[in-house]
S.K.: 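A single structure is presented below for examination.
Below, each value reflects all heavy atoms present in this structure, side chains not excepted, and no hydrogens, waters or symmetry copies.
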Amino acid sequence: MSTISQNTKEQNEFPRAIIHIDGDAFFVGCELASKPWLKGESVVVGAERGIACAFSYEAKALGIHRGMSIFEIKKRYPKTVILSSNYLDYGMYSNRMVQIVGRYSNKVEHYSVDECFADITGMNEVLEMSYEEIARNIKHDLDTELGTTFSLGLSVTKVLAKCGSKHKKPSGFMVVRRSEIQNFLKNVSIGKVWRIGTEGSKSLTREKIFTAYDLASKSDEWVRRNHSKPIQEIHSELNGINIFGVHRHEVEGDQKSIMCTRTFHPFSRDPSQVFSYLSKNIEEACARMRKLGLSSKNFSVFIKTKDFRYIGGEVKLLRETSYPEEILNEARKVFDKIFDCDLIYRTTGVRLGSLKPIAMQTESLFEENKNIGKGRMYDVVDNISNKFGEHSVFLGSSMRAILRYEKDKKKIGIPSLGEVR
DNA sequence: TCTGGGGTCCTAGGACCC
DNA sequence: TCTGGGGTCCTAGGACCC
């Protein structure tokens, strides 16, 4: 076949060429890359949290699952190696993953710590390789240079590429050309499709849609009539029509919100106790915001009942802040409105929205002066927290939460107070 | 898996305004 | 004063992701 007709064929099969890359048991993979003697063993990461966060395929084969307690794992599978997680390392591996993929395309989306998408459309001519060859090279480079394996899917849309990488884990390699989509989708159950969650697959199953093929073969008209935007978009992508572009994250810190939520034990119906947990979350969220150099103007707080009912409320401040006091004042008002003494609560949370860099805040001279003092104070607070740990300094309103959290650790060390039981 | 934590985006329905 | 009908904006909560 001539080069020209080969190119035409490739063009037809890949109007766009999208790759999805997924690290296999990524956290464990990173650990094994530096501890190769553990390869082939049952390995679990998550010692510091007391539950399995990630596990090797050998551990999975034994029956270890996500969230299983370390205590139980030790008891039932004493040979399993238990490691603490090391997020800084995983972040470094993750960045290297993106760099390596970046050799083959400048359109790489760092989707999560262990996943990325790449749009390699047109790179076949630049690199003088077929799309499949490019994909194989990427996988080869990742596997050999990072010392852990990756699964890769190559197809014409993000949803299809993601179905591909998922198809044969670990170390999978799946190419789904346009002419192969229908056959491929017959073997993909509807619940496995990216962005179709439990609710989506429930409602689709009720309509006798069991595989991705069943959905893809419905008409546009039918989907538009019976389903909302998310399913409509997935339907298009399954048919090879690109809806979700590959977006490279150019800017660091383009985060839209910061959340801090925590479930407490025992559950509580005591308003001052529950508010104290909320207060602690607000303090933590503000500390993270300051670390990122951001400030927030709109925020929402919520409480969740024992039976998982969610009640919340939103507040708009007059100007941005990165300090907890103003937020707490408003949060108190919302809290008093939404708290119901007859219910028992399990979780509180705060979400800080409309984030802006601190430098972009607009303030009057007077406010500026007021906040300089506060800024200095919080510099000190942040420094102490860095040195002595996050519970070293806190607001009075968070006191009861701290005491409760720390009780679980038996004792607390507060520099100014000594040890409190 | 009777349920952890941090994110993003969508939408139904109320409030408000002609 | 009562009434219809339509548009936009907002937000609480849900669904989904890793």
S.K.: Before accepting this row, confirm whether a basic side-chain N of the pair A:R195/A:E237 lies closer than 4.0 Å to the acidic partner's carboxylate O.
M.R.: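 No, A:R195 and A:E237 are not salt-bridged.
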S.K.: Check whether any side-chain heavy atom of A:I120 sits under 4.5 Å from a side-chain heavy atom of A:Y131, and report yes or no.
M.R.: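 Touching, per the 4.5 Å side-chain cut-off.
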S.K.: Given that A:K229 and A:H65 both sit by DNA chain B, which one's nearest nucleotide is further toward the 5' end?
M.R.: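 The residue whose closest nucleotide sits nearer the 5' end is A:H65.
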S.K.: Are the charged groups of A:K280 and A:E283 less than 4.0 angstrom apart, N to O?
M.R.: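 Answer for the salt bridge query: no.
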S.K.: Given that both pair distances must be under 3.5 Å and the pair must be Watson-Crick or G-U, what runs of three or more consecutive pairs involve DNA chain B?
M.R.: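 As far as DNA chain B goes, consecutive pairing (with distances under 3.5 Å) yields the stems B:5-18 with C:5-18.
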S.K.: Measuring from the side chain of A:Y310 (C-beta onward, heavy atoms only), which nucleotide among C:dG14, B:dG4, B:dC10 has the closest atom?
M.R.: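 Closest nucleotide among those given: C:dG14.
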S.K.: What's A:F302 touching, base or sugar-phosphate or nothing? Going by heavy atoms closer than 4.0 Å.
M.R.: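 Contact class for A:F302: none.
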S.K.: Using the side-chain heavy atoms of A:T263, tell me which of these nucleotides is nearest: B:dG7, C:dA12, B:dG5.
M.R.: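 In terms of side-chain proximity for A:T263, the closest of B:dG7, C:dA12, B:dG5 is B:dG5.
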S.K.: Taking NZ, NE, NH1 and NH2 as the nitrogens, is one of them in A:D119 or A:R16 under 4.0 Å from a carboxylate oxygen of the other?
M.R.: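 Salt bridge between A:D119 and A:R16, a charged N being under 4.0 Å from a carboxylate O: yes.
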S.K.: Mind checking A:R309 for me? I need base, sugar-phosphate or nothing, with any heavy atom below 4.0 Å counting as a touch.
M.R.: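 If one applies the 4.0 Å heavy-atom cut-off, A:R309 turns out to touch nothing in the nucleic acid.
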S.K.: Would you classify A:S300 as touching base, sugar-phosphate or nothing, given that sugar-phosphate means primed atoms plus P, OP1 and OP2, and contacts are heavy atoms under 4.0 Å?
M.R.: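 Counting heavy atoms under 4.0 Å across all strands, no contact is made by A:S300.
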S.K.: Collect all protein-nucleotide pairs involving nucleotides 15-17 of chain C in which both atoms are nitrogen or oxygen and the distance is under 3.5 Å.
M.R.:
from: C:dC16; atom 1: OP1; to: A:G197; atom 2: N; distance (Å): 3.3
from: C:dC16; atom 1: OP1; to: A:E199; atom 2: N; distance (Å): 3.4
from: C:dC16; atom 1: OP1; to: A:G200; atom 2: N; distance (Å): 2.7
from: C:dC16; atom 1: OP2; to: A:T198; atom 2: N; distance (Å): 3.4
from: C:dC16; atom 1: OP2; to: A:E199; atom 2: N; distance (Å): 3.1
from: C:dC17; atom 1: OP1; to: A:R195; atom 2: N; distance (Å): 2.5
from: C:dC17; atom 1: OP1; to: A:I196; atom 2: N; distance (Å): 3.3

S.K.: Check whether any side-chain heavy atom of A:Y277 lies under 4.5 Å from a side-chain heavy atom of A:Y345, and answer yes or no.
M.R.: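 With C-beta onward as the side chain, the pair stays apart.
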S.K.: May I ask you to check if A:K304 and A:Y310 form a cation-pi contact, with NZ or CZ under 6.0 angstrom from the six-membered ring centre and within 45° of the axis?
M.R.: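 No, A:K304 does not lie over the aromatic ring of A:Y310.
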S.K.: If the test is side chain to side chain donor-acceptor pair (under 3.5 Å), which one of A:K158, A:E109, A:E115 qualifies with A:H20?
M.R.: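 That would be A:E115; it is the only one of A:K158, A:E109, A:E115 passing the side chain to side chain donor-acceptor pair (under 3.5 Å) with A:H20.
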S.K.: Inspect the contact between A:E180 and A:R177 and indicate whether a charged nitrogen and a carboxylate oxygen are less than 4.0 angstrom apart.
M.R.: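 Between A:E180 and A:R177 there is a salt bridge, with a charged N closer than 4.0 Å to a carboxylate O.
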S.K.: Contact class for A:G349 vs. all strands (heavy atom < 4.0 Å): base, sugar-phosphate, or nothing?
M.R.: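 Touches nothing.
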S.K.: Taking any heavy-atom pair under 4.0 Å as a contact, classify A:K316: base, sugar-phosphate, or nothing.
M.R.: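 Sugar-phosphate, no base atom in range.
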S.K.: Answer yes or no: does a side-chain N or O of A:T261 lie under 4.0 Å from OP1 or OP2 of B:dG6?
M.R.: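 True: A:T261 side-chain N/O within range (under 4.0 Å) of B:dG6 OP1/OP2.
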S.K.: Indicate yes or no for a side-chain donor-acceptor contact from A:H235 to the backbone of A:K218 under 3.5 Å, with no hydrogens or angles considered.
M.R.: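 Such a contact is found between A:H235 side chain and A:K218 backbone.
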